[in-house]
Protein chains: 2
Amino acid sequence: MKVTMRTIAKQAGVSVPTVSRVLNSPEQVKPETREKVMHVIRTLNFRPNAIARNLRVQQSRTIGVIIPQIRDYFFNELYQGIYKAATENGFNILLFDAQLDPERVMEGFSFLKEQQAEGIIFTSSYISNDYYTMIARVGLPVILTLTESPWHDLPAFKVDEQKAAFDAMSYLVARGHRKIGVISGPLESTIAGQHRYDGYMMAIKHYQLPFDTNQLAFGDFRYESGYRAMETILSHAKTTGITAVCVASDEMAIGAMRAVYDYHLRVPEDISVIGFDNLSISDMVTPKLTTVAQPFEQIGYEAVTALITKLEGGGNKVSNGAHNLSHQIISRESVANCTYDDS
Amino acid sequence: MKVTMRTIAKQAGVSVPTVSRVLNSPEQVKPETREKVMHVIRTLNFRPNAIARNLRVQQSRTIGVIIPQIRDYFFNELYQGIYKAATENGFNILLFDAQLDPERVMEGFSFLKEQQAEGIIFTSSYISNDYYTMIARVGLPVILTLTESPWHDLPAFKVDEQKAAFDAMSYLVARGHRKIGVISGPLESTIAGQHRYDGYMMAIKHYQLPFDTNQLAFGDFRYESGYRAMETILSHAKTTGITAVCVASDEMAIGAMRAVYDYHLRVPEDISVIGFDNLSISDMVTPKLTTVAQPFEQIGYEAVTALITKLEGGGNKVSNGAHNLSHQIISRESVANCTYDDS
DNA sequence: CTGAAAGCGCTTACAG
DNA sequence: CTGAAAGCGCTTACAG
């Protein structure tokens, strides 16, 4: 038999509202009745129906999260931050996995709306017009993570991708490298693809580094593609004379290091490699990967904190546009000082 | 202004039940009125309140999941399977992260009950009596993953840990190794600790391998502890003469491989290493890790499928006790044939 | 084919 | 300090 407030009320010989009061504002009820009610609550092991409560008080206390796909390596850390901030504020998380399918992200918004999410944390490698239309249509506050909106009219928690990529390149230059290869993500990926690429290119220009297309290859952020991109770059190594490679993701960087290994060269003695992300695995590979760290957990944490602030009426406190959290270069073992004469 | 069925009904000049019908059993309503209603639904962009519906039909369509901690590396894959099975059956997932705190897992059960979870997927490194009491108290169907209940009165989806560990050892023996080190998890961890340890020891007995305590070290499944455990084992390598090591988790195995590297030995030429889990990173390290694969995603998938079967009245179809899914040794690069004479 | 009524499990003014 | 009443947004027999 299901036990509800009605059950408790009957057993305790009081009314339903009284049961509700002992649970929600016990100071309003006489100590004796309070004890009486608490006693049957305990013996019947009663748990109030949070769903019913939420319906009545017109709030769901849940935040929807749309992500590209669960198996992304950054998901753990991002979600950890999201979960933490939500829990601290008594919110639940409802996750929607878009499985890299734009159709599904559209469904995600509808779904979360139906499930009464009060706001949405949205992560995507780009923001299409369709998404914008959908966001307007559901009419829920949306906060971006690891993403940026083209019109900057949504708050976005992320890293300054371009600057971070530029810094990775500078790190190499500061260690004497001038002939540097680049493994970029796909440029259709507005953020991690295009912006990082721009950062690398800005640095090449700024430091007046030699660069031609034989030093450049593209991948899809995954290990395999990093491996293949490195093979391409190595096939021109004799003419380009590269001593280092900037890679747009740790996973690709680890693949690239493997390619170097399979070609009987060494990282970092022959070729230095710097990654991007600072996934926890970067500290487990050999050589340990030098990389630029994104504070994934912090990004998740601050994004939902901001969302909750908005939900609780502090909309003016969280500005639209980019909230750039600080990135950081983590020096490990995959970059050496350049010992070749470059003249 | 919030738009509900009431809004739609008014606009369309029908009653609320009619709106409900066009959404849930459109064949029951006359095509003309159906069209009329659908039209205002579309223009007002109405989404029915799933929470209210669930309250009315007395189901929540949500499954609770309690895990030790989000940052576990297997979480991604396990959750992927959980999420997939839930989505396919129209169930939502509500996640509860116990943060390795027994107190919090207790809270988890209460919380999920209040949130009206219809059943619970529970992952834990051991099952205490307190947990049992709590499980009985909430009265929800519970299914274990990567875990086993001491009294086998709960369905448990997992791998035959002992057999899998035994097989890892056999794999080494088949390649000529006889002096084999063991890095175990903590024995308090009933499953991944004790059971795997038992499997290793059974194999040592079965194959009559030489073994003394200098070949054994313990860790906590993490990289760092694997590194240190390997250091301990290596410090006795001259006397023990080990040529291979069985490690109870991939993360520890990767740490162990690093220790070998730092001691200027090579994997697998000097020391072979076999892990346990087949985390996706095992394929990215160099040398790629040979290991015994647990089908995490499948475990998650089958566990929630079984739970849903139970919820839908097929309780007799899912038996209590262990459901052992098949493990598999994945041969990669970290194990070589033993070339030393053992006599 | 459609509407009025009742009710899911709660909460919250309003009386008393 | 406590209870009767109304209502959150739905669904579902029951009439008509």
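This structure is a prediction, so every number in the text was calculated from the model and none was measured. Chain letters run A, B, ... following the sequence lines, proteins first, then strands; residues in each count from 1.
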Taking only Watson-Crick and G-U wobble pairs with both distances under 3.5 Å, what dot-bracket line describes DNA chain D, where [ ] shows pairs that cross earlier ones and | shows pairs with another strand?
|||.||||||||.|||
Whole-Å distance between [N] [atom2] and [X] [atom1]?
X: B/E114; N: C/dG9; atom1: CD; atom2: P; value: 16 Å
X: A/R6; N: C/dT11; atom1: CZ; atom2: P; value: 16 Å
X: B/N54; N: C/dC8; atom1: CG; atom2: P; value: 16 Å
X: A/I51; N: D/dC8; atom1: CD1; atom2: C1'; value: 13 Å
X: B/L23; N: D/dC10; atom1: CG; atom2: C1'; value: 11 Å
X: A/Q59; N: C/dT11; atom1: CD; atom2: P; value: 11 Å
X: A/K10; N: C/dG9; atom1: NZ; atom2: P; value: 11 Å
X: B/Q116; N: C/dG9; atom1: CD; atom2: C1'; value: 9 Å

Would you find a donor on one side and an acceptor on the other, under 3.5 Å apart, between the side chain of [X] and the backbone of [Y]?
X: B/R71; Y: A/Q80; answer: no
X: A/S20; Y: A/V16; answer: no
X: A/R34; Y: A/V29; answer: yes
X: B/T62; Y: B/L94; answer: no
X: A/N89; Y: A/F91; answer: no
X: B/E118; Y: B/S60; answer: yes
X: B/T123; Y: B/L146; answer: no
X: A/Y83; Y: B/D97; answer: yes

Could you tell me if B/Y79 and B/D72 have a donor-acceptor pair between their side chains, going purely by distance under 3.5 Å?
no
Is [X] near enough to [N] that one of its side-chain N or O atoms lies under 4.0 angstrom from OP1 or OP2?
X: A/S20; N: C/dC10; answer: no
X: B/K2; N: D/dG9; answer: yes
X: A/T18; N: D/dG3; answer: yes

All N/O pairs under 3.5 Å across the protein-nucleotides 4-7 of chain D interface:
{"unit_1": "D/dG7", "atom_1": "N2", "unit_2": "A/R56", "atom_2": "NH1", "d": "3.2"}

Expected list for residues 26-39 of chain A near DNA chain D, using heavy atoms below 4.0 Å, is A/Q28, A/V29, A/K30, A/T33
So, do A/K158 and A/Q294 sit near enough that their side-chain heavy atoms are less than 4.5 Å apart?
no
Least distance between heavy atoms, A/A86 atom then A/V304 atom
N-CG2, 3.7 Å
For the side chain of [X], starting at C-beta, report the closest nucleotide among [options].
X: A/V57; options: D/dT11, C/dG9, C/dT11; answer: C/dT11
X: B/M5; options: D/dG3, D/dT11, C/dT12; answer: D/dT11
X: B/T4; options: C/dC10, C/dG9, D/dC10; answer: D/dC10

Of B/A50 and A/G13, the one whose nearest nucleotide on DNA chain D sits closer to the 5' end is A/G13
Pairing of B/K84 and B/E302 as salt bridge, 4.0 angstrom limit:
no
What nucleic acid atoms does A/N24 come within less than 4.0 Å of, heavy atoms only: base, sugar-phosphate, or nothing?
sugar-phosphate
Checking all strands, does A/V16 fall into the base, sugar-phosphate, or nothing category for heavy-atom contacts under 4.0 angstrom?
base
